[in-house]
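Encoded as structure tokens, the structure appears first; notes follow it.
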There are 2 protein chains.
Amino acid sequence: MAKEGTGQPERDPEGVSRFVEHFAAQLVMAGMPRMPARVFAALLVSDTGAGGSAELGEALRISPAAVSGAVRYLDQQHLVSREREPGSRRERYRVHGDQWYEALTSREAVIRRWQDALREGIASVGPDSPAGRRLGETLAFFEFVEKEVEGIMDRWRVHREERFERE
Amino acid sequence: MAKEGTGQPERDPEGVSRFVEHFAAQLVMAGMPRMPARVFAALLVSDTGAGGSAELGEALRISPAAVSGAVRYLDQQHLVSREREPGSRRERYRVHGDQWYEALTSREAVIRRWQDALREGIASVGPDSPAGRRLGETLAFFEFVEKEVEGIMDRWRVHREERFERE
DNA sequence: CCTTAACTTCACAAATTTGTGAAACAAGCG
DNA sequence: CGCTTGTTTCACAAATTTGTGAAGTTAAGG
């Protein structure tokens, strides 16, 4: 396609929009409601990583009300934060740049709830029954994963650091 | 025909039911529809790890039709398999004992789709724009995780092996 | 074959979720 | 002080999802 040789490739609005929808679709498959997913994706591709209700609403062709609802959800999940820009009545929602995927993956509280449910089940069927053994193995798996996830995130921070310095 | 062991702790039906609901709730939060989640949980706690439509329907107080629909979903997700028991018209749905959580976590196809969506986005905003950099870092994260997950599952198999032998 | 048991499919009613317009609310600006 | 712009809340209509009863399908057992 026609691109000027300034070195800075220009934004392709249609492509951006396709990305937003595709990325949001992944989030939806992972269990996030539709609007929050789209808003989050839109924030991710914005150059500033932040934007207001009106701005997002226009980009996604949804009402400001829908944006507001979506942001409330994202805020509760700690996926965005709200900032008040001093000289303006515009509120800005910001995606935490390098931390959002940690929020998505590490959430140890989630793993804990799986573990709690499993322990409850083991108690109810008896640990030595076949079912008890199966649940016990699953519990062991979650306990294992819990530790490993920590390790992964540590290694990732190192990895990212290196990558960042090289550039 | 169940053999009642002398020292076997007895099943607590109410506790089992509570487990099924709690565990299913976790699955739902992770994005699984309600009925499939309940059916899956019910299979997990059953001593045989398998059961038929009628049996499951009675345990969960839902119609055979609902069970059927749930199983179709679980089958598509490769979370259960169907077996035909030779001398009977009873079909049995079975949970893959020690492999189901691998299906839940490892699914590399899922990670690939995230990566594809991100690459698309990076192309659309330009890799050197601020947004491009943010997406690039996210992509790097997913690539990193993809490799790490492999490692985790390998280490888990070793870990499980040890645990199993010790018992 | 004809009956019967087990499961599946289908059409639909009920329940839930979604997104909107309208009104309320806040906060800078004149 | 109001006016004006940007955001949130609320009630509700539309759309989607869910689970059921009833009819359909397959295969065992007489």
Side-chain angles (χ1 to χ4, degrees), chain A residues 17 20-21 24-25 27-43 46 48 50-77 79-95, chain B residues 17 20-21 24-43 46 48-77 79-95:
Chain A
S17 173
V20 168
E21 297 309 324
L27 289 166
V28 168
M29 278 196 255
M32 187 183 291
R34 201 147 193 294
M35 282 298 116
R38 302 217 299 148
V39 168
F40 185 76
L43 281 174
S46 74
T48 58
S53 232
E55 189 178 334
L56 289 166
E58 185 175 356
L60 296 171
R61 305 304 206 75
I62 58 181
S63 72
V67 176
S68 183
V71 168
R72 180 173 37 200
Y73 175 94
L74 292 171
D75 191 13
Q76 276 167 357
Q77 306 290 315
L79 289 173
V80 307
S81 62
R82 304 149 171 271
E83 334 182 317
R84 189 82 56 182
E85 204 174 341
S88 161
R89 35 209 158 324
R90 197 190 214 85
E91 178 137 21
R92 294 206 312 175
Y93 317 118
R94 171 174 300 283
V95 53
Chain B
S17 174
V20 168
E21 299 308 326
Q26 294 305 315
L27 288 167
V28 168
M29 279 197 252
M32 188 183 290
R34 198 145 191 296
M35 283 297 117
R38 301 216 300 148
V39 168
F40 186 76
L43 281 175
S46 75
T48 58
S53 229
E55 190 177 334
L56 289 165
E58 186 175 355
L60 296 171
R61 305 306 205 76
I62 60 181
S63 71
V67 177
S68 184
V71 168
R72 179 173 40 200
Y73 175 93
L74 293 171
D75 191 14
Q76 278 166 357
Q77 307 288 316
L79 288 174
V80 307
S81 62
R82 313 152 100 97
E83 330 183 320
R84 188 82 59 183
E85 206 174 340
S88 159
R89 26 211 162 329
R90 196 191 215 84
E91 179 139 20
R92 293 207 312 176
Y93 317 118
R94 173 175 297 283
V95 55

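Lettering follows sequence order; numbering is per chain, from 1.
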Task: Neighbour count >12 (heavy atoms, 6.0 Å) for atom CZ, Arg94(A) - done: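 Yes - once you tally the heavy atoms of other residues, nucleotides and ligands closer than 6.0 Å, there are more than 12.
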
Open item on the list: Does Glu58(B), at its CD atom, have more than 12 non-hydrogen atoms belonging to other residues, nucleotides or ligands within less than 6.0 Å?
Closed with: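 No, CD of Glu58(B) has 12 or fewer neighbouring heavy atoms, counting only those of other groups under 6.0 Å.
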
Base, sugar-phosphate, or nothing for [X], non-hydrogen atoms under 4.0 angstrom?
X: Arg82(B); result: sugar-phosphate
X: Ser53(A); result: sugar-phosphate
X: Gly69(A); result: nothing

Task: Tyr73(A) side chain reached by Val39(A) side chain, heavy atoms, under 4.5 Å - done: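 No - every pair of side-chain heavy atoms lies 4.5 Å or more apart.
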
Task: Side-chain heavy-atom pair Met32(A), Leu74(A) within 4.5 angstrom cut-off - done: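 Answer yes - side chains close enough.
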
TODO: Quickly work out the Glu55(B) CD to dA5(C) C1' distance and round it to whole Å.
DONE: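 Checked: the CD to C1' distance equals 15 Å.
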
TODO: Take atom OH of Tyr73(A) and atom C1' of dT9(D), then tell me their distance rounded to the nearest Å.
DONE: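 Rounded to the whole Å, the gap is 20 Å.
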
- [ ] Return the minimal non-hydrogen interatomic distance between Arg38(A) and Val20(A), and the atom names on each side.
- [x]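 What the structure gives for the nearest pair is O-CG1, 3.9 Å.
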
TODO: Taking all heavy atoms of Leu43(B) and all of Val95(B), pick out the closest pair and write down the distance.
DONE: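 Of all heavy-atom pairs spanning Leu43(B) and Val95(B), the closest is O-CG1, 4.1 Å.
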
Open item on the list: Counting primed atoms plus P, OP1 and OP2 as sugar-phosphate and everything else as base, spell out the protein contacts along nucleotides 11-30 of chain D at 4.0 Å heavy-atom distance: B, S or - for each nucleotide, 5' to 3'.
Closed with: --------SBB-------S-

- [ ] Ignoring backbone atoms, test whether Arg72(B) places a side-chain nitrogen or oxygen under 4.0 Å from the OP1 or OP2 oxygen of dC7(C).
- [x]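 Looking at the OP1 and OP2 atoms of dC7(C), neither is under 4.0 Å from any side-chain N or O of Arg72(B).
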
